[in-house]
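Remarks on the structure that follows.
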Amino acid sequence: MNHFISATDVTNIQQLVNKGLQYKLNPLLDAELGKGKRIGLLFLNPSLRTRLSTQVAAANLGMEAIVFNVDKEGWALEFQEGAVMNGTTVEHIKDAAPVLGQYFDILAIRTFPTLKNKEEDYSEMFIKQFIRFAGVPVVSLESATLHPLQSLTDIITIQESIQNSFASKRTPKVVLTWAPHIKPLPQCVANSFSQWVNAWGGANFVITHPEGYELSQQFTNGATIVHDQNEALKEADFVYVKNWSSYEHYGQQLNTDQNWMLTNDKLALTNQAKVMHCLPVRRNIELSDEILDGPNSLVTQQAGNRVWAAQAVLAKILNTLNQ
Ligand code: CP
């Protein structure tokens with residue numbers, strides 16, 4: 001694996017999931033694999049889990065990780081080809097990325113979408129320019145449209161939960177449900193979860209949201225879309241809760257109906273479903289306290305598993321580099 005920005009970069013998702021679970025049992029299994037190698041973690045946006053779990057994962061593999069908060073500490077980057085740089089941007093990606101490629105063996109980058117220009121966001125211009133100009137493997141720490149380390153974590157968590165509870169004899173029903181929020185959020189986590197669950201193939205996958213919140217079909221094809229949340233929740237084994245803004249009416253909030261918040265009453269419709277969320281979560285807006293503090297919540301376990309997903313991905317890239 002050269003780069004990791006999408007499920008399409010992975011030839012065998014199950015193998016990567018198994019590797020993550022192997023690292024969970026034995027974090028220092030490959031403690032020498034990254035010896036003498038450096039990873040640069042570049043953030044154009046805030047992060048708690050992605051930043052720290054990737055640092056821990058790199059340390060477990062013997063790599064040095066250096067974090068650079070580009071948005072606060074770096075020069076403002078220009079991404080437009082042919083730009084006349086007489087505005088606020090100071091350094092072109094064509095100049096900055098090759099320099100970063102000289103310092104690091106792997107670059108990992110977090111960007112967010114503008115939520116204003118669908119074509120630009122969905123072209124993944126920012127992260128693709130790093131790939132084009134850095135000359136080293138690039139890992140997405142969340143991009144304009146996808147969050148692959150989160151999604152790999154989510155599948156690791158589902159797999160782990162299946163192994164630990166109801167038999168792996170039957171295919172679990174996994175429901176991704178839209179939730180209310182106070183402001184428009186990217187579609188990244190929902191897009192990415194859909195893409196990975198579909199590519200993984202280990203679930204009966206249902207997506208539920210109010211009309212107007214349809215995600216891009218390039219990610220949801222293969223899932224069943226249901227607009228009645230109660231109907232969707234019936235017999236669910238896992239419920240993944242997430243807000244996203246409209247893809248069709250790009251970046252807009254069409255509905256903030258609090259009835260879409262998951263509560264214990266709704267959970268009663270499910271097969272005692274485990275509840276997932278990528279965090280951070282707006283309590284009692286997206287998800288109720290009773291769920292988050294209750295026995296069905298997987299959110300802390302899920303966030304903990306971010307380390308093993310990152311470690312599996314970094315190990316795969318290091319193995320390619322070491323060939
Ligand atoms: N889930 C997630 O990406 O969390 P952070 O924004 O804290 O990294």
Side-chain angles (χ1 to χ4, degrees), residues 4-7 17 20 24 39-59 65-73 106-115 121 124 126-127 138-158 160-161 174 176-179 181-197 215 219 238-245 262 274-283 285-287 291-292 297-314:
F4 181 78
I5 62 168
S6 161
V17 168
K24 185 163 186 171
I39 181 168
L41 307 180
L42 273 57
F43 286 87
L44 285 93
N45 302 96
S47 165
L48 186 154
R49 281 144 290 269
T50 308
R51 170 179 173 152
L52 296 173
S53 62
T54 310
Q55 282 183 282
V56 174
I66 296 179
V67 175
F68 184 41
N69 294 309
V70 183
D71 57 332
K72 297 186 186 70
E73 297 155 356
I106 302 174
L107 271 182
I109 295 140
R110 167 172 279 199
T111 65
F112 271 171
T114 61
L115 289 185
D121 287 345
E124 290 287 11
F126 290 1
I127 201 148
V138 171
V139 173
S140 168
L141 300 173
E142 188 169 359
S143 65
T145 67
L146 294 169
H147 196 351
L149 283 175
Q150 179 67 55
S151 309
L152 174 58
T153 302
D154 299 336
I155 293 177
I156 286 174
T157 308
I158 290 170
E160 180 181 39
S161 191
V174 175
L176 168 65
T177 180
W178 181 91
H181 202 279
I182 59 157
K183 61 177 193 176
L185 294 188
Q187 295 104 35
C188 310
V189 170
N191 282 343
S192 196
F193 185 69
S194 304
Q195 186 199 38
W196 279 76
V197 172
L215 295 162
F219 305 120
F238 295 88
V239 182
Y240 198 112
V241 179
K242 186 72 186 90
N243 171 268
W244 62 87
S245 58
L262 197 69
K274 297 293 183 191
V275 179
M276 304 174 70
H277 188 287
C278 61
L279 302 181
V281 63
R282 297 263 181 169
R283 279 177 175 254
I285 299 286
E286 287 177 87
L287 255 175
I291 301 260
L292 282 164
S297 172
L298 285 184
V299 298
T300 305
Q301 178 184 335
Q302 188 182 352
N305 285 340
R306 292 293 306 268
V307 171
W308 319 118
Q311 196 165 331
V313 168
L314 295 183

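Counting convention: from 1, in listed order, for ligands and their atoms alike.
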**Report entry** Least distance between heavy atoms, L149 atom then A310 atom
**Finding:** CD2-CA, 3.8 Å
Query raised in the report: By number and element, which atoms of ligand 1 are closer than 4.0 Å to a non-hydrogen atom of H147?
Result: 2 (C), 3 (O)
Query - Nearest-neighbour protein heavy atom for atom 7 (O) of ligand 1, which is reported as residue plus atom name and distance - result: L48 N, 2.7 Å
Report summary line: In ligand 1, the atoms that come under 4.0 Å of a heavy atom of C278 are 1 (N)
Query raised in the report: Backbone N or O of R282 within a donor-acceptor pair of the E286 side chain at under 3.5 Å?
Result: yes
Query raised in the report: Is there side-chain contact between I127 and S140, with heavy atoms separated by less than 4.5 Å?
Result: yes
Query raised in the report: Which atoms of ligand 1 sit under 4.0 Å from any heavy atom of Q150?
Result: 1 (N), 2 (C)
Requested in this report: Could you tell me which atoms of ligand 1, counted from 1 in the order shown, lie closer than 4.0 angstrom to a heavy atom of R306?
Outcome: 1 (N), 2 (C), 3 (O)
Query raised in the report: How does V189 reach ligand 1, if at all, at less than 4.0 Å between non-hydrogen atoms: by side chain, backbone, both, or neither?
Result: neither
Query raised in the report: Between F43 and F68, is the gap from one ring center to the other below 6.0 Å?
Result: no
Requested in this report: Apply side-chain contact (heavy atoms from CB on, under 4.5 Å) to Y240 and Q302, showing your working.
Outcome: CA-CA 11 Å; Y240 198 112; Q302 188 182 352; 3.5 Å; yes
Requested in this report: Before signing off on this row, confirm whether T50 and ligand 1 have an N or O atom pair separated by under 3.5 Å.
Outcome: yes
Report task. For atom NZ of K72, decide whether the heavy atoms of other residues, nucleotides or ligands shown that lie under 6.0 angstrom number more than 12. Result -> yes
**Report entry** Closest to atom 6 (O) of ligand 1 among R51, R49, R110 (heavy-atom distance)
**Finding:** R110
